[in-house]
Amino acid sequence: MLDLFLLPIHVASGEDQTELPGLLSTAAPRRCDRTRAGDRLVALLQVCAGPALTPAGMEMLHSKLADTFYRTRGTVTGALRAAAEQVNLTLLEQNRAQGTASEISLGMAVLRGDSLLVAICGPARAWLLARAEIQEIADSESGGRGLGISRKASPRFVQTALKGGELLLLSPTPLPAFSQSAPAERFTLENIRRRVTAQASGDLQAALLQFQPGSGLLRRLRPRAAGSAAPSEPREQLQPPPEAPAAAPTPVEAPLNAPAPAQPAPLPEPVRVEAAAEEPAPAGVYVTGDRLQPPSPPTPRRSRRSGPVVSPEMRKGLARVWFGASRWGQRVQQGAQKFLNQALPQSEDSTGGPSRSAMLFIAIAVPLVVVAIAATVYLFGPSGRAEQFESYVQQAAALAQQARDSKEREAQRIGWAQVMTLLDKAQEYGQSAEANSLRNEASQALDQLDGITRLDFVPLVSSGFTSTAQFTRITANNSEIFLLDQSSGRVFRLYLSGQTYEVDNSFICGPGSYGLTTVDKLIDLALIPSGISDYTLLAMDAGGNLVYCGANKPPESQSLTPPDTQWGSISAIDFRQQVLYVLDQEKDQVWVYPRNQDEGVVGLVFSPPGLFFDEQVPDLAEVNDLVYYNQNLFLSTPTGRIITCTFRTFTVGNQTTCDENAPLQDTRSGNQVPAFTFPAGTQITQMRSTPPPEPAIYLLDATSRSVFTFSLRLNLVRQIQPRANPDYPALRGKITAFTITPNRLVLLAYGNELYFAYLP
């Protein structure tokens with residue numbers, strides 16, 4: 001872990017200034033996206049052309065930049081790009097509204113652990129000084145144009161690993177070049193500050209950062225005042241703490257270059273910050289200042305214990321017991337009262353007997369004790385429980401006979417469902433061979449009426465996964481199974497060895513740095529067909545970064561070219577016929593990335609994106625998965641609504657057409673109502689497809705723990721459910737992922753446990 005020391009450099013009219021307008025430094029606030037926790041951000045914004053910004057205008061840009069960065073999920077690169085886009089859009093709209101042409105240069109640096117990522121926009125520059133080597137970072141693609149004059153912002157990114165002792169110089173404009181032969185001992189804060197100020201002609205604005213081993217602090221420094229003989233002692237100061245961007249009030253959208261108000265806005269209530277007197281500043285510079293520490297996470301609240309759940313039938317039974325025991329208790333009370341009246345003296349001044357208060361206590365306590373004893377004997381006594389059990393079983397047997405005699409399918413379904421409900425209640429009081437036989441008959445009758453196929457699932461592997469693993473995506477070929485673990489964002493690989501599967505502990509596929517690309521937690525995966533690449537699998541994070549993985553080889557990465565509107569919220573991908581389809585819910589779009597097959601391009605490389613939709617764009621806010629198959633795109637929602645779209649290449653008018661509520665049918669024999677609708681409470685979480693000879697669409701319903709099978713025309717084929725097995729209690733839990741393998745294995749994941757069954 002590294003500490004970050006920040007020294008502003010500002011010279012105006014030949015005088016050193018203590019403050020640098022446009023400089024932003026902040027640690028991760030409490031209310032930020034979890035992927036931004038621990039990120040320390042430094043940004044320097046300066047007007048490089050056009051009217052200057054007011055302090056309020058600069059503060060608003062700072063607020064929007066920090067808010068966007070810490071709210072953006074995914075990689076640091078994606079968050080910095082989103083922040084630059086937000087600053088550019090805000091300034092562009094303000095320029096158009098006011099008829100001005102303010103242009104901003106922007107330099108940003110993010111320290112995450114021991115990794116530094118620098119982003120440069122416009123004429124800004126950055127110099128990384130490490131081990132007597134100087135690396136200059138500039139935005140060569142924009143041609144020196146700043147933000148606020150066009151709709152596109154394309155920062156230049158450079159990432160490096162730090163060891164401690166390195167320095168980074170940010171400047172809104174080019175500075176005189178440093179000597180490439182400068183010795184390492186001259187790379188100190190004070191030496192670099194003096195060199196920069198000495199070479200500058202006129203006003204100067206820059207920010208100097210130094211990284212030292214520590215505990216992850218961010219400390220803003222100030223040069224000692226001119227004429228001071230010694231560095232001033234750190235003292236306790238009052239300073240507003242860094243606020244979370246999400247909690248900060250929305251800045252007023254006033255013109256960025258409007259005149260400043262006559263009276264300054266009131267400052268927030270100051271909070272006392274402890275000075276870091278025990279931490280010396282880097283050698284060679286006289287400084288004072290306070291350290292900025294990331295806010296400590298809030299203390300988790302202890303969850304309340306939930307009380308026992310009492311069913312309405314149980315409450316009715318308790319009520320009957322209570323009233324019956326109360327009547328008996330009243331008779332006991334009357335007898336006791338009669339006995340007391342005869343045994344105790346009636347005069348108030350008589351001595352030796354219990355007082356009226358004692359008698360009142362006895363009169364109240366005796367019935368309560370009697371009722372409690374009676375209720376306990378009735379509920380937990382053998383005769384009471386046996387009577388309740390027999391009552392439920394007899395009612396279930398009577399309803400079963402009615403269901404057998406009924407000629408209507410819906411009446412049969414309702415009858416057998418009530419039989420199962422009564423048997424569940426009876427099971428709370430006992431078991432019998434008659435009840436078990438009746439349960440099996442009711443279960444088989446309901447399965448036949450609902451078209452449910454029950455399979456016997458057993459564990460695929462006995463061990464090899466961490467206890468915290470949570471498998472949320474599965475894909476497989478004939479000999480390999482890939483499991484995406486949501487908790488770690490990595491992929492596990494199983495390979496077929498003889499007749500069983502084993503875990504490949506040497507397989508590497510997950511978050512990490514691959515060259516200049518940093519891949520965050522993976523969110524989805526897809527198989528790569530043979531003959532296209534040396535790799536078997538591709539996976540993607542929320543920032544549009546791909547990682548290619550295969551057995552016995554290190555992974556490689558590629559960052560997809562983002563759309564012109566930038567990424568919104570990536571939730572799922574599918575790779576078919578050498579085209580990658582990316583679902584972006586926030587942008588209401590499916591981005592199409594064809595494989596780049598130009599001459600000289602080696603491996604699996606994707607071209608810039610295209611739009612899947614044309615004039616008709618469906619609402620994708622609820623869509624959670626997609627499958628592209630046989631010229632059609634299938635999109636699923638949690639309620640079971642299916643959107644089907646045919647790509648423009650296969651339509652008459654060369655326009656992509658969609659049916660936003662594709663009809664589902666159940667045309668199986670005996671079903672008089674062919675239209676099929678999912679029951680209330682359905683929660684479709686995933687969708688998969690299988691190729692010929694039996695192509696089909698599969699939907700996972702987490703509520704009923706079922707896998708629904710539909711033909712490509714969306715006709716219901718069957719509903720697959722695991723058969724209850726007392727040896728595997730996990731089968732009664734929540735299914736977190738599933739897939740159908742080419743060799744017709746149905747795979748179900750329950751957290752970190754994987755089960756399989758053969759598809760009939």
Side-chain angles (χ1 to χ4, degrees), residues 74-75 77-78 81-82 85 141 152 154-157 159 473 475 477 482 484 489 491 509-550 553-614 620 625-629 631 633 635 645 647-649 656 689:
T75 63
T77 304
R81 181 181 288 111
E85 287 285 351
E141 296 183 1
K152 188 175 182 181
S154 301
R156 163 79 188 284
F157 295 102
Q159 183 177 1
R473 294 283 183 175
T475 189
N477 55 31
F482 299 96
L484 175 58
V491 177
C509 188
S513 297
Y514 304 92
L516 297 179
T517 303
T518 300
V519 178
D520 205 350
K521 285 186 175 182
L522 304 176
I523 61 171
D524 204 355
L525 42 72
L527 291 174
I528 301 176
S530 60
I532 296 180
S533 171
D534 294 335
Y535 293 94
T536 312
L537 182 78
L538 66 85
M540 188 174 180
D541 68 6
N545 300 305
L546 293 175
V547 59
Y548 303 105
C549 308
K553 59 174 54 183
E556 292 184 359
S557 179
Q558 174 195 355
S559 293
L560 293 176
T561 302
D564 292 339
T565 59
Q566 299 303 316
W567 296 114
S569 176
I570 302 174
S571 56
I573 63 173
D574 195 15
F575 183 51
R576 299 296 176 96
Q577 299 175 353
Q578 304 193 42
V579 177
L580 179 65
Y581 300 89
V582 181
L583 173 62
D584 191 337
Q585 289 178 292
E586 183 177 332
K587 301 296 184 180
D588 271 346
Q589 191 58 256
V590 173
W591 306 110
V592 180
Y593 284 87
R595 179 192 176 194
N596 188 341
Q597 303 186 51
D598 294 342
E599 185 177 356
V601 177
V602 180
L604 182 57
V605 179
F606 292 101
S607 300
L611 299 175
F612 187 89
F613 304 113
D614 293 310
L620 305 183
D625 209 349
L626 82 166
V627 164
Y628 185 86
Y629 191 89
Q631 309 171 5
L633 182 69
L635 303 161
C645 300
F647 195 54
R648 66 180 68 94
T649 307
T656 299
S689 65

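Starting from 1, each residue takes its place in the sequence as its number. Bear in mind the structure is a predicted one, so any value in this text is a computation, not a measurement. Just the heavy atoms: all of them, side chains too, but no hydrogens, waters or symmetry mates, feed the values below.
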Taking the inter-plane angle between the rings of Tyr581 and Phe612 on a 0 to 90° scale, is it parallel (under 30°), tilted (30 to 60°) or perpendicular (over 60°)?
perpendicular

So, do Thr656 and Leu633 sit near enough that their side-chain heavy atoms are less than 4.5 Å apart?
no

Say you draw a straight line from CG of Leu580 to OH of Tyr628; how long is it, rounded to the nearest 0.5 Å?
13.0 Å

Interatomic spacing from OG1 in Thr565 to CD in Glu586 - rounded to 0.5 Å
9.5 Å

Between the main-chain N or O of Val590 and the side-chain N or O of Asp584, is there a donor-acceptor pair closer than 3.5 Å?
no

So which pairs with a foot in residues 538-547 pass side chain to side chain donor-acceptor pair (under 3.5 Å), sequence neighbours left out?
Asp541-Asn545, Asn545-Ser559

Just do the side-chain contact (heavy atoms from CB on, under 4.5 Å) check on Leu604 and Leu546 with the steps written out, would you?
CA-CA 11 Å; Leu604 182 57; Leu546 293 175; over 6 Å; no

Using the rule given for side-chain contact (heavy atoms from CB on, under 4.5 Å), can you reason through Thr475 versus Leu537, listing the C-alpha separation, both sets of side-chain angles and the distance that settles it, and then say yes or no?
CA-CA 9 Å; Thr475 189; Leu537 182 78; 3.9 Å; yes

In short, salt bridge (charged side-chain N to carboxylate O under 4.0 Å, His left out) pairs touching residues 560-582 with sequence neighbours left out are Asp574-Arg576

Could you tell me which non-hydrogen atom of Leu516 sits nearest to which non-hydrogen atom of Gln159, and how far apart they are?
O-OE1, 3.5 Å

Once you round to the nearest 0.5 Å, how far does NZ of Lys553 lie from OH of Tyr535?
5.5 Å

Hey, does Thr536 have a side-chain heavy atom less than 4.5 Å from the side chain of Phe482?
yes

Do Asp625 and Arg473 come close enough that some side-chain heavy atom pair is under 4.5 Å?
yes

Do Asp524 and Met540 have side chains that get closer than 4.5 Å, going by heavy atoms?
no

Is there a ring-ring contact (aromatic ring centres under 6.0 Å, His included) between Phe606 and Phe575 once you walk through the steps?
CA-CA 11 Å; Phe606 292 101; Phe575 183 51; 5.8 Å; yes

Residue pair Lys587 / Gln566: nearest heavy atoms and the distance that separates them
CE-O, 3.3 Å

Calculate, to the nearest 0.5 Å, the distance between atoms OG and CG belonging to Ser607 and Leu560 respectively.
10.5 Å

If I compare all heavy atoms of Leu522 with all of Cys509, which pair ends up nearest, and what's the gap?
CD1-O, 4.2 Å

Heavy-atom closest contact (Ile528 atom, Ser533 atom, distance)
CG2-CB, 4.0 Å

Test log, rule side-chain contact (heavy atoms from CB on, under 4.5 Å), inputs Leu620 and Phe613
CA-CA 12 Å; Leu620 305 183; Phe613 304 113; 4.0 Å; yes

Which pair of non-hydrogen atoms, one from Tyr593 and one from Pro562, has the smallest distance, and what is that distance?
OH-CA, 4.1 Å

Worked verdict on Val491 versus Val547 for side-chain contact (heavy atoms from CB on, under 4.5 Å):
CA-CA 11 Å; Val491 177; Val547 59; over 6 Å; no

Residues Gly543 and Trp567: closest non-hydrogen pair is O-NE1, 3.5 Å

Kindly compute the distance separating CD1 (Ile573) from CG (Leu525), expressed to the nearest 0.5 Å.
7.0 Å

Heavy atoms of other groups near Ile532 CD1, more than 12 under 6.0 Å:
yes

Pairwise side-chain contact, Leu611 with Gln589, heavy-atom cut-off 4.5 Å (strictly under)
yes

